[in-house]
Structure formats: C-alpha cells, structure tokens
Amino acid sequence: MRSPARPIFCAMALAYAGACMPDDAVQHTAHNPVALTPPYSELPRAPAGTSIEAGTKVVLDSRQQEAVVAGVAKWMKAPASTQFGIMSGARNSRGIVSVCGEVNGRNGNGAYVGMRPYVGVLMGTPDSLDFVVVGIAASERERAEVASLCRESGAAAAG
C-alpha cells in the first residue's frame with residue numbers, strides 16, 4: 001500500500017537538495033528553515049526517482065485556507081505580520097491536496113522581503129487539518145524548485 005505521505009518526501013528531496021544558506025542570507029529571509037515535524041518526520045522517505053502525481057485543481061474551502069495560513073505562519077520570523085497572496089490547490093487520485101501560494105513577511109531586520117512562493121500538503125482529517133509546508137523559497141534556485149513542484153502537483157496558480 002502506498003503511503004499518502006510519499007508526495008511530501010518526494011517534494012522535500014527536490015526542494016531541499018542543497019538548501020543550506022549562508023548566515024548572511026538567512027538574515028534577509030522572512031522565514032525560518034523549513035523541516036518536517038512529527039509525526040511526518042517519522043515517515044519513510046520516498047524511494048529515489050519517485051515522481052509527484054499531478055492532481056486536479058480544487059477550490060480550497062475556508063477551513064483548508066485557515067490550515068494553510070496557520071501552517072505557513074509557523075515558519076515565519078514574524079507570524080503576526082505575515083501577508084498572504086494567491087493560494088491554489090490540486091487533489092490527486094489518493095485524495096492528497098497539494099497547495100501552492102505566495103507569502104510575504106518581515107526578515108530579521110524587520111523589513112518585508114516581498115512575495116515568496118511556498119508549497120505544501122494538507123494532511124489529517126476535515127475536522128483536524130494540518131498543512132505540512134514542504135518549502136518556502138528565498139533564493140532564485142528555491143523559487144525554481146517550488147515552481148517545479150507546483151507545476152508537477154497540478155497546484156500551480158494560473159497566470
């Protein structure tokens with residue numbers, strides 16, 4: 001039986017292959033380094049070469065949007081001042097909803113850094129949703145990786 005968490009780990013492998021940033025770059029980001037938290041960190045990694053299953057676009061309901069906002073805000077340096085832009089979702093054949101969007105926040109100097117793309121997966125049940133952030137892009141390389149994950153999952157925003 002395939003684990004519903006497989007897309008998370010496939011995405012993590014792609015998004016964080018070499019995601020170490022120099023200390024001066026960290027100061028200019030609005031988010032803290034993203035890592036899987038329990039219980040998701042305990043799940044096995046997807047086998048090498050595992051692809052992401054494209055989903056069908058879905059409109060996120062208010063509960064799903066709230067879960068995404070809460071999930072992304074956990075990683076921001078100044079959660080209370082976080083601003084959200086577009087948010088787009090796609091559901092694959094196993095019912096997994098991937099979400100891509102944009103977030104703006106304050107960096108270590110207190111300045112807004114501009115909209116940055118993020119990607120993640122809604123997990124849990126309708127009554128207890130959890131948004132697992134896979135990545136928030138800071139560099140151009142990370143932007144390209146997040147954009148690729150969003151296209152592959154089918155959750156890329158139109159436009």
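Quick note: numbers below take in every heavy atom, side chains included, and nothing from hydrogens, waters or symmetry partners. Numbers here simply count residues along the sequence, with the first being 1.
In plain terms, the two heavy atoms of Ser98 and Ala155 that are nearest each other are O-CB, 3.5 Å. Of all heavy-atom pairs spanning Met76 and Gly105, the tightest one is CE-CA, 3.8 Å. Annotation for Arg143 and Pro117: closest pair NH1-CD, 3.5 Å, computed over non-hydrogen atoms. In this structure, Ile52 and Ser153 approach most closely via the heavy-atom pair CG2-CA, 3.9 Å. Contact record, Ser88 with Ala156: OG-O, 3.8 Å, taken as the closest heavy-atom pair.
Ser93 has its side chain within reach of Glu53: a pair of non-hydrogen atoms, C-beta onward, lies under 4.5 Å apart. Lys77 places none of its side-chain heavy atoms less than 4.5 Å from the side chain of His31. The shortest distance between side-chain heavy atoms of Val72 and Ile136 falls below 4.5 Å. You'll find the side chain of Thr56 stays beyond 4.5 Å of the side chain of Arg91, heavy atoms only. Residues Val99 and Leu122 meet the side-chain proximity criterion, which asks for heavy atoms closer than 4.5 Å. By the 4.5 Å heavy-atom criterion applied to side chains, Val97 and Val121 are not counted as neighbours. Side-chain atoms of Thr29 and Asn107, non-hydrogen and from C-beta on, never get closer than 4.5 Å to each other. Proximity of Val103 to Met115: side-chain heavy atoms (C-beta onward) are nowhere separated by under 4.5 Å.
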Original post:
Between Arg63 and Glu66, is a salt bridge (charged side-chain N to carboxylate O under 4.0 Å, His left out) present by the stated rule, with each step listed?
Top reply: CA-CA 5 Å; Arg63 285 183 128 168; Glu66 288 171 11; over 6 Å; no
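When the side chains of ILVMFWY residues are joined at heavy-atom separations under 4.5 Å, either directly or via intervening members, Met87 and Leu129 end up in two distinct hydrophobic clusters.
When atom types are taken as modelled, the side chain of Asn104 and the backbone of Gly114 share a donor-acceptor pair closer than 3.5 angstrom. Without hydrogens or angle criteria, Ser128 side chain to Thr125 main chain gives no donor-acceptor distance under 3.5 Å. With hydrogens and angles ignored, the 3.5 Å screen pairs no side-chain donor or acceptor of Tyr112 with any backbone N or O of Gln83. Although no hydrogens or angles enter the test, the distance criterion places no donor-acceptor pair under 3.5 Å between the side chain of Glu102 and the main chain of Gly85.
A side-chain donor-acceptor contact under 3.5 Å links Glu152 and Ser148.
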